[in-house]
Amino acid sequence: MALALILFPLLMAALAAVVPSNRGRPWLLPVTALAHTALTLGALLWPELARSDGWLVLDPPGRIILLQISVLYLLCAFYAAGYLRQRQERSNRVFCVCLLAVLGTMTLVTWAHHLGLMWVAMETTTLVTAPLIYFNRTQHSIEATWKYMMVGSVGIALALLGTFFLAYAALHAGGESTLTFEKLLQHAPELSKPWLHAAFILLLVGYGTKMGLAPMHTWKPDAYGEAPGVVGAILAGGVTSCAFLALLRITHICGAAGESAYTSRLLLTMGLLSMAVAGVFMVGQRDIKRMLAYSSVEHMGILALGLGLGAPALFGTLLHVMTNSTTKGVLFLSAGNIHRAYESKNIDQVRGAMRRLPLSGSLFLAGFLAITGSPPFGPFLSEFAILNGAFDAGRFVVAGFFLLLLLVVFVGMGATVLQVAQGRPPSEVRHSVYRDSWLTVAPIIVFLALVLLLGLYLPTPLTKLLQDAVRYLEVRP
Amino acid sequence: MTNTLNALLILVLVLNLFALGTSRLLALIRIVALQGALLGILPFLVHEHLTVPAVLTAVAAVVLKGLVIPAIMIRALRDAKIKREVEPLIGFLPSILLGAAATAFALLFANQLPLISQHAGSLLVPASMATILTGFILLTTRFKALTQTVAYLVLENGIFIFGMLLIEAMPFVVEAGVLLDLFVAIFVICIITNHINIAFSSMDTRRLVTLKE
């Protein structure tokens, strides 16, 4: 099961490399995504099928991330097929190959229970997403790709060093040096404390770079700003969730070692700092895609904060991974449509989107309301749960800052989004022939429906999945 | 065994200083290639009983770091028609001094670290730290895209040295995966540097500043 889920997208990527038709090739994306989602649901509904005890184990947090990635990717795949139909002027061979490969590597991250293997998978996602950012081949996109590659590679190299430190902590404890998750968890209380502390910092910096936590977020606005919308959605909703899962596993080990006070202080600081940096740069932001990138920094901050609050906020944090990724789907895909219609992403040109593109414009506005935590959308519920967790944990100051920063972001983002959505399209600006089509709008509507569903009614199987994960993470062997 | 190992690691440290002191990119690439090849020998010195997969990984590491990656970079260098790193943030002599200071710091600091007794006399930990610091010095003070790529390689070399302490923790598959990732990363970065050179008629990363707030 694990191998099928991981290798099938990679095989399809190889197939995409040899398919000659530029028109036909993008249809491999939805086909692969449908098969992947079907397999994922199979693995979730019949856990005995997914049983394996090597390095590939699907534990409860892994299940949540796998499901979330699979659904995000499915909708993005249909959108990508519609998007690439409008971009027939350039070859999409490399784009399709990389987009298919990234599904395989993200799946590997969710299954990997060997921290070295997890690192390899995470690094591979960086490598296969770099050509996606470079799709438009402009000077700007090459600059963004360069920064993404360099910052990402150096960051992830530090994560490798941190992984080695973790293995050394086990070796120092007198045991064998190991990087399998189960063994580390089992021997966590004996791990050498100084090495464990150093390892956590390096891993936080390393995987934090991939998540885009401040101050390692500098690649994010550039990369999300220059990449096609669908790539932004997969990066902001999928790859960052994988990096969060990596951080969650490390924090879990540190928690089992009795070091939660240490990790929690660092995570809370990073979380609040990310939210503050995002808030500062979002106020007066004139580029809609860069604004979304900062929104992603903010939400990664919220996830780090939730993780730092520990057990009381875990349910909300895990739910927030899902609501954030689904809402990012709405925002990035509709922003991509708006960008194509106006051939600009600067709010000096982009005005009156609701007149020019009634569907994409309204969805963009709805996505904004959702991501800033307005009821009745999903993020409201998850952010409220995290806030509740903060109160339960007795962290009143943290809760206060959390609320304040959410408000700053709401005001800052709102000013930009309302200018985009309302008013009349400026007459002097040349408009492209782009019109919303079925393939480029329907996936966004489904995304929004999911966001709404998560906010109004959590299906019982999903609640059970989240509770299982919380219980799994709370167990201290 | 330990003496040979330490002699080899001292050679690696000297190569770090050479890398910091040269302005010619071709020389820099060759120095780092030699360093990579030397590091490939390490597994044979550190571990008495090597399995067949471990030998294969070590050989693959020598071939990749000593031959293939340098060949890719020299090709990129030829395409870009550049020879030297000009105007680094800090000069070449001060860079060497900084590198020497970093090495001294690494040696002193490693003494303070809680190491297990087998590793106490070995230079593996200080050499690893000094090489990582050298990588960071190169990365932050040089501006040619290709030099920064070499710097990333030096950084990876440093991490590789630390990995020598933990051969059991990294099974063959993972080790091979790390190596493959490194290779593909350098390959992709070299393609990007080539495109930077075409798009900006220069490899100076100081020109990559159009995206900002």
Side-chain angles (χ1 to χ4, degrees), chain A residues 55 114-124 126-128 130-131 134 137-140 142-147 149-150 152-154 156-158 160-161 163-168 170-174 176-180 192-195 198 221-223 225-226 281 284-287 290, chain B residues 112-116 118-119 125 128-129 132 135-136 139 145 148-149 151-152 155-156 158-171 173-189 191-200 205 207-213:
Chain A
W55 299 331
H114 184 284
L115 297 185
L117 189 64
M118 187 175 78
W119 182 88
V120 170
M122 210 57 234
E123 160 81 2
T124 316
T126 314
L127 299 178
V128 294
Y134 187 40
R137 310 240 159 174
T138 58
Q139 284 202 354
H140 283 166
I142 198 167
E143 180 182 338
T145 314
W146 170 257
K147 288 180 180 165
M149 250 337 251
M150 280 322 268
S153 300
V154 172
I156 202 91
L158 292 180
L160 181 63
L161 188 63
T163 310
F164 283 163
F165 276 21
L166 202 56
Y168 200 81
L171 188 68
H172 193 268
E176 47 171 338
S177 66
T178 178
L179 279 172
T180 42
S192 155
K193 290 289 182 290
W195 286 103
D222 297 348
E226 298 311 315
F281 283 102
Q285 181 59 253
R286 309 198 70 75
D287 182 318
R290 289 179 80 86
Chain B
Q112 311 290 318
L113 288 176
L115 295 173
I116 59 174
Q118 294 129 274
H119 299 148
V125 177
S128 156
M129 282 171 42
I132 291 171
F136 269 116
L139 204 55
Q148 294 185 345
T149 316
Y152 171 64
L155 179 70
E156 277 278 353
I159 296 172
F160 179 85
I161 301 176
F162 195 90
M164 282 301 111
L165 300 171
L166 317 149
I167 209 94
E168 302 88 25
M170 293 295 269
V173 182
V174 177
E175 194 86 57
V178 172
L179 211 53
L180 186 67
D181 270 350
L182 176 69
F183 169 65
V184 178
I186 299 286
F187 188 69
V188 173
I189 293 177
I191 293 175
I192 302 174
T193 54
N194 192 22
H195 282 264
I196 291 179
N197 193 48
I198 294 167
F200 293 86
T205 49
R207 298 211 178 182
L208 303 177
V209 287
T210 43
L211 297 176
K212 60 182 175 207
E213 296 312 324

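Nothing here was measured: the structure is a model prediction, and the numbers come from that model.
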Enquirer: Are any non-hydrogen side-chain atoms of B:His195 and A:Trp146 less than 4.5 angstrom apart?
Expert: no
Enquirer: Identify the heavy atoms of A:His114 and B:Pro171 that sit nearest to each other, and give their distance.
Expert: NE2-CD, 3.4 Å
Enquirer: Given that the side chain runs from C-beta out, which part of A:Thr124 has a heavy atom under 4.5 Å from chain B: side chain, backbone, both or neither?
Expert: both
Enquirer: Could you pull out the closest heavy-atom pair between B:Ala185 and A:Glu123, with the gap in Å?
Expert: CB-OE2, 3.9 Å
Enquirer: Heavy-atom distance under 4.5 Å to chain A: side chain of B:Leu155, backbone, both or neither?
Expert: side chain
Enquirer: What part of B:Gln148 gets closer than 4.5 Å to chain A, counting heavy atoms only: side chain, backbone, both or neither?
Expert: both
Enquirer: I'd like to know if the side chain of A:Trp195 reaches the main chain of B:Leu113, judged simply by a donor and an acceptor atom lying under 3.5 Å from each other, with no hydrogens or angles considered.
Expert: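 Side chain of A:Trp195 to backbone of B:Leu113: no pair is present.
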Enquirer: Which bit of B:Phe187 is near chain A, if near means a heavy-atom gap under 4.5 Å: side chain, backbone, both or neither?
Expert: neither
Enquirer: For the interface with chain A, which of B:Phe136, B:Phe160, B:Phe162 has the highest count of heavy-atom pairs at distances below 4.5 Å?
Expert: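 Counting heavy-atom pairs under 4.5 Å, the top option is B:Phe162.
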Enquirer: Counting only non-hydrogen atoms closer than 4.5 Å, does B:Val178 touch chain A with its backbone (N, CA, C, O), its side chain (CB onward), both, or neither?
Expert: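 Both parts, heavy atoms under 4.5 Å.
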Enquirer: Output the distance between atom CD1 (A:Ile142) and atom OG1 (B:Thr210), rounded to the nearest 0.5 Å.
Expert: 11.0 Å
Enquirer: Could you tell me which portion of B:Ala145 (side chain, backbone, both or neither) has an atom closer than 4.5 angstrom to a non-hydrogen atom of chain A?
Expert: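 When you check distances to chain A, atoms from both the backbone and side chain of B:Ala145 fall under 4.5 Å.
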Enquirer: Which atoms of A:Arg137 are under 4.5 Å from chain B, going by heavy atoms: the side chain, the backbone, both sets, or neither?
Expert: side chain
Enquirer: For B:Val188 and A:Ala130, which heavy atoms make the closest approach, and how far apart are they?
Expert: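 So the two residues come closest at CG1-CB, 4.5 Å.
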Enquirer: Heavy-atom pairs under 4.5 Å with chain B are the metric here; pick the option from A:Leu179, A:Leu127, A:Thr126 that has the most.
Expert: A:Leu127
Enquirer: Grab the two heavy atoms, one from A:Tyr168 and one from B:Leu115, that are nearest each other, plus how far apart they are.
Expert: OH-CD2, 3.5 Å
Enquirer: Determine the option with the most heavy-atom pairs under 4.5 angstrom with chain A, choosing from B:Thr149, B:Ile189, B:Ile191.
Expert: B:Ile189
Enquirer: For the side chain of A:Gln139 and the backbone of B:Ala199, is there at least one donor-acceptor N/O pair under 3.5 Å apart?
Expert: yes
Enquirer: Compare every heavy atom of A:Trp55 with every heavy atom of B:Val173, then report the nearest pair and how far apart it is.
Expert: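 So the minimum-distance heavy-atom pair works out to CB-CZ3, 4.2 Å.
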Enquirer: Less than 4.5 Å to any heavy atom of chain B: does that hold for the side chain of A:Tyr134, its backbone, both, or neither?
Expert: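 For A:Tyr134, side-chain heavy atoms alone lie under 4.5 Å from chain B.
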Enquirer: Is the shortest side-chain heavy-atom distance between A:Leu171 and B:His119 below 4.5 Å?
Expert: yes
Enquirer: Look at A:His140, A:Glu143, A:Lys147 and state which one has the largest set of heavy-atom pairs under 4.5 Å with chain B.
Expert: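 Looking at each of A:His140, A:Glu143, A:Lys147 in turn, A:Glu143 comes out on top.
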Enquirer: Taking side-chain contact (heavy atoms from CB on, under 4.5 Å) as the criterion, tell me which of B:Thr205, B:Leu139, B:Ile192 meets it with A:Met150.
Expert: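 The option that passes is B:Leu139.
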Enquirer: Taking every heavy-atom pair that is under 4.5 Å apart, which of A:His172, A:Met149, A:Glu226, A:Gln285 has the most such pairs with chain B?
Expert: A:His172
Enquirer: In Å and rounded to the nearest 0.5 Å, what is the CE to CG distance from B:Met170 to A:Leu117?
Expert: 9.5 Å
Enquirer: Side chain, backbone, both or neither: which part of B:Leu182 has a heavy atom under 4.5 Å from chain A?
Expert: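 Contact with chain A is absent: no heavy atom of B:Leu182 under 4.5 Å.
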Enquirer: If we only count heavy atoms from C-beta on, is the B:Asp181 to A:Trp119 side-chain gap below 4.5 Å?
Expert: yes
Enquirer: Using non-hydrogen atoms and a 4.5 Å limit, figure out which bit of A:Ala144 sits close to chain B: side chain, backbone, both or neither.
Expert: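 It is both, since atoms from each part get that close.
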